[in-house]
Amino acid sequence: MTETRDPSSAGLVRLVAAREVATRIRDKSFIISSVVILVLIVGVMVFQVLVGSGDEERRVGLVGGDAALTAALEAQGEALEVEVAVVDLDDEAAARTAVDDEDVDAALLAGSDPELLVLDSADGTLEAIVNGAVAQLAIAEQLAEAGVAELAVPEVTVTATDADAAADQQRVIAAIFGVVILYSLLILFGQFIAQGVVEEKASRVVELLLATMRPWQLLAGKIIGLGVLALGQMVLIGAVAVGAALAFDVVEVPGDLIGTVGIVIAWFLLGYAWYAAVFAVAASLVSRQEDLATVLMPTSAVLIVAFVIGIQAAGDPDGALARITSLVPGLSPLVMPVRQAAGDVPLWELGLAVVLMVVAIGLVVRLGGRIYAGALLRTGGKLKMREALAAERV
Amino acid sequence: MLEFDGLHKSFGDVRVLEGVGFGVAPGSMFGFCGSNGAGKTTTMRIAMGLVRADAGEVRWQGRPLDQATRRRVGYMPEERGLYPKMKVGEQVAYFGKLHGLGAAAAAKASDEWLERLGLGARRGDAVEKLSLGNQQRVQLAAALVSRPEVLILDEPFSGLDPIGVDSLAEALLDQARAGVPVVFSSHQLDLVERLCDSVGILARGRMVATGTVEELRRREAGRLLRVVTPDPASSWAGALPGVRVVSDRAGDALLELDAGTDDQSVLAAALRTGRVEHFAWQQPTLVELFRGAVAAPAAEEVAA
């Protein structure tokens, strides 16, 4: 008399997941948060480009100098990694005006008794550049007068002991960036999951749901559904970030950047599975959105600690703190990607971190699933974990 | 046949159910009565797998209900539950899918039921925008959308206005006519009396009475005859063999007849006193039966 068929376990999980996706994707707060994150990323890139190009140029006015002095100034600037633009000025009066109007950062009055005009005080770099250039020319001149034409000065050969330092630096920046986003998404989606669980409890719809499926199917559906969304968002952010970084020329080694993005996404998956399950289980202990903050607090605190350590690890990737915490489940997703980006993580440490994290996920899903199952039909005040375990039903 | 058999359940030291059992035939409506906290909701939750029974089982067509067969049961929990922000049509279709309908079939069935329950125009609205009565209809649609083989409804009539009660009653009668066994709990005993083929009264964790309302009346009330004779000879009935006068106020007499006593001989005796205005077997209301059953001490409990 019916045209129904029995949905499989996977079918039920898929139904729940599809509902989560369909509901969230139309949710204003989700759309807004996604847009905000993307705008922030592009904004940071643009800011980098603007700051990066604006700060490094020094304009030096030159009165009475020749081509040799101009060349010397520019050479000195190059040595100090500062771009020097030399502006020829007619006389001291013009130089004073140019300095007062901030047309130039400083003006050099060349001659036997050279003088540097600045607005209030010369910055060290600029002074070094001008001093160096003037001294170099004077020495060359005096040597020529003394009849020394060619001076045999040994040239210093530069050998980089860590040739990848620049690339490392970029990877670390990318990893820090990644950890910031990873942290934001974990918090955001953890909240989504927790709110969803409480919504089902508060509206009592959970009783209808559990008449057709088992608690673990409901839990799995929620986590997977939101996980698909979270992963989609993460990949989108990664793609936009890489695209923008390349477009604005912020990084030089795209291969490294993409690798780092991949590592961050992989750790995001592990971190998400763990935090989502913990948030869901914690949320199942209460029946009202108002009580949510209290039960989520301990987990949120762990997440914040992990975030802080992750950022710290960027500066000291091989320190004891970073090495230990990058193995601890729950902390590792935010610390290990930074370590991996910053340097060489022994393979066994990486493997151990992944295995521990997977084991932790398994434990949370098993034990948490029991708490969740026991707590779902208990409405009222806040439930203790022990009570929820005792109330386990099927 | 839907059978509830020997259900026992304790929560800690509190023994809620101590051997609850009754049967509901296909196409019949069973009214489940009992005072607050008697264990009606627990019984229904056991049937839906939401609470695990300490002993006993619920069978449908001879097989214990399990996760798969429960999908063919339409259920309305006492504490109504719907996603407040989800649209009415999508929500009903979602429950259809959870009960095993394909996506297209679920959408179609959802539209049909909402149309039938007068909510066709609201299918695009969020549930929380609907009045409580309309939310209750959505709840019913969610229970009916998958064309269930069995209906278990916990207090489906609570909170409805009389018109809502009538339309829900009509929908349930339709289901029963189509061959679905319907179990519902209610405190509105007049409604139960009007709608149900059989009734069960739960008290102190046991069924203290089950059967048709008619059977209960006979069983509970014995053979009580009310005879009204406006101008009686004093104690005309007291002399009749096999008749005990329960009460007699100004000619309005309540008589209890022994099993072998012929009521027609009583009528003949009554007619000898003059006019007879009323002569009928006493019909206690379900409310009276309920009071009697719930108040009765455990020793007198009637087996199902």
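Here is the naming used below: chain letters follow the sequence lines, and residue numbers restart at 1 for every chain. Side chains included, hydrogens not; waters and symmetry mates left out as well; all remaining heavy atoms used. Every value quoted in this text rests on a predicted model; they were computed, and no experiment measured them.
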Whatever's closer than 4.5 Å to a heavy atom in chain B on A:E199 counts as side chain
Chain A shares the most heavy-atom pairs under 4.5 Å, among B:Q139, B:K97, B:K85, with B:K97
* Asked: In terms of heavy-atom contacts, does CZ of B:R59 have more than 12 from other residues, nucleotides or ligands at under 6.0 Å?
  -> yes
Checklist entry - Heavy-atom distance under 4.5 Å between the side chains of A:E207 and B:L50, does that happen here? => result yes
Tell me whether the count of non-hydrogen atoms from other residues, nucleotides or ligands lying under 6.0 Å of CZ in B:R177 goes above 12. yes
Heavy-atom closest pair (A:L15 atom, B:Y94 atom, distance to 0.1 Å) is O-CE1, 3.7 Å
Distance col, row A:S203:OG vs B:E128:CD, nearest 0.5 angstrom, shows 10.5 Å
Looking only at heavy atoms, the pair that brings B:Y83 and A:L209 closest together is OH-CD1, 3.2 Å
Closest non-hydrogen atoms of B:R70 and A:A211, given as atom of the first, atom of the second and distance, are CB-O, 4.0 Å
Under 4.5 Å to a heavy atom of chain A? For B:R80 that would be backbone
Okay, A:V206 and chain B: the region with an atom under 4.5 Å from a heavy atom over there is neither
### Task
Check whether more than 12 heavy atoms from other residues, nucleotides or ligands sit under 6.0 Å from atom CE of A:M297, and answer yes or no.
no
Under 4.5 Å to a heavy atom of chain A? For B:F11 that would be neither
So, the part of B:Y75 with a heavy atom under 4.5 Å from chain A: the answer is both
Does B:P77 reach the side chain of A:L208, with side-chain heavy atoms less than 4.5 Å apart?
yes
request  = Before accepting this row, confirm whether a basic side-chain N of the pair A:R26/B:E90 lies closer than 4.0 Å to the acidic partner's carboxylate O.
outcome  = yes
When rounded to the nearest 0.5 Å, the distance separating CD of B:Q67 from OG1 of A:T212 is 7.5 Å
Compare all side-chain heavy atoms of B:R71 with those of A:L12 and state whether any distance is below 4.5 angstrom.
yes
Okay, A:T23 and chain B: the region with an atom under 4.5 Å from a heavy atom over there is neither
